[in-house]
Every structure is written in C-alpha cells, then in structure tokens.
Amino acid sequence: MVQLFVKIPGERGECPEWAMIELQGELETRHSVPLSGKLIGDLHFTFKDVPVLIIGHHILHGKVTQLEKPLAVLTKHLPHQPMDVDNDILTGQEVSCSQTEYHVQAIIRKKILFKTRPKPIIANVPKKL
C-alpha cells in the first residue's frame, strides 16, 4: 500500500474541468517531426453541440461522451523541508524530509470521440462552360 499526498487547488476543492480527445488511428506528418507543442487542428462545435475537428484538409465529426470514471491530471512535486530529528540534534545536523506530493491540475469527466474516418475538404469549384 502506498500513501499519496494530493493537493486540490481552491478553497472548496474546485478544479478546472477538462475534456480529452480520442482519435481512432494515427496522426502522421509529411516530415518526421514530433507533434508535441504544435497546433494540430481546429476544434469547433455546431449549434447542436456536435464536435467538428479540422486537421489540414480533412474534417472529422465526433460526439461527446461521459467517462465512466473521472480522471485526474496530476503534477508531481518534491518539496524539500528541513526537519529536526532528536538523534541529529546531538550532532548538529539537519535532516531534509522529502515527501512526494501530487497537485491536481484538472479533472476530466468527458471525452470527445472521433471514430469515423476523416473526410477530405474539397472546395466547390464552378465548372467552365
């Protein structure tokens, strides 16, 4: 059994609520460049709250679903607090007590699911007569 120390921000334990996006398949780029920190696409919602994801020249339609169990987004912190111990008082040394803490950044209760194949966006070009 492991004891975890979790700090929830706010006076009443209120956290921001996030949603996660689930895609079927893989995202590939023309060049083998990592996608972390890069803009991937635009997420929009229609008037009927249907999510629409536009990635490059492709469009995906999805749906919003509730997760069975909520997820927490945590960050790990290692605070170093000096602590006096009776045995170390005799030697004059301080013992540092490092206790791992996890801070809750957000709670995820919903996921936006895109399970259909992307459709190409084709501009409507008039035919010449």
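Throughout, numbering of the chain's residues begins at 1 and tracks the sequence.
Counting only residues at least two apart or on different chains, no salt bridge (charged side-chain N to carboxylate O under 4.0 Å, His left out) pair has a member in residues 60-72. Pairs of residues two or more places apart, or lying in two chains, never qualify as side chain to side chain donor-acceptor pair (under 3.5 Å) while including a residue from residues 36-62. For residues 21-35, every residue pair satisfying the salt bridge (charged side-chain N to carboxylate O under 4.0 Å, His left out) rule, not counting sequence neighbours, is listed here: Glu22-Lys111.
Grouped with Ile40 in one hydrophobic cluster are Ile21, Leu23, Leu27, Leu35, Leu43, Phe45, Leu53, Ile55, Leu60, Val64, Ile112, Phe114, the linkage being side-chain heavy-atom contacts under 4.5 Å among Ile, Leu, Val, Met, Phe, Trp and Tyr residues. By the 4.5 Å side-chain criterion applied to Ile, Leu, Val, Met, Phe, Trp and Tyr, Val50 is assigned to no cluster and stands alone. Leu39 belongs to no multi-residue hydrophobic cluster, having no ILVMFWY side-chain contact under 4.5 Å with any other such residue. The hydrophobic cluster analysis finds Ile122 isolated: no Ile, Leu, Val, Met, Phe, Trp or Tyr side chain comes under 4.5 Å of it, directly or through other members.
For the atom pair CH2 of Trp18 and CZ of Arg109, the computed distance is 14.0 Å after rounding to the nearest 0.5 Å. Rounding to the nearest 0.5 Å gives a distance of 5.0 Å between CD1 of Ile54 and CD1 of Ile59.
Counting all heavy atoms, side chain and backbone alike, Gln66 lies closest to Lys110 at NE2-CE, 3.4 Å. When all heavy atoms of Cys15 and Ala106 are compared, the pair lying nearest together is CB-CA, 4.4 Å.
No single ILVMFWY cluster, assembled from side-chain heavy atoms under 4.5 Å apart, contains both Val73 and Ile107.
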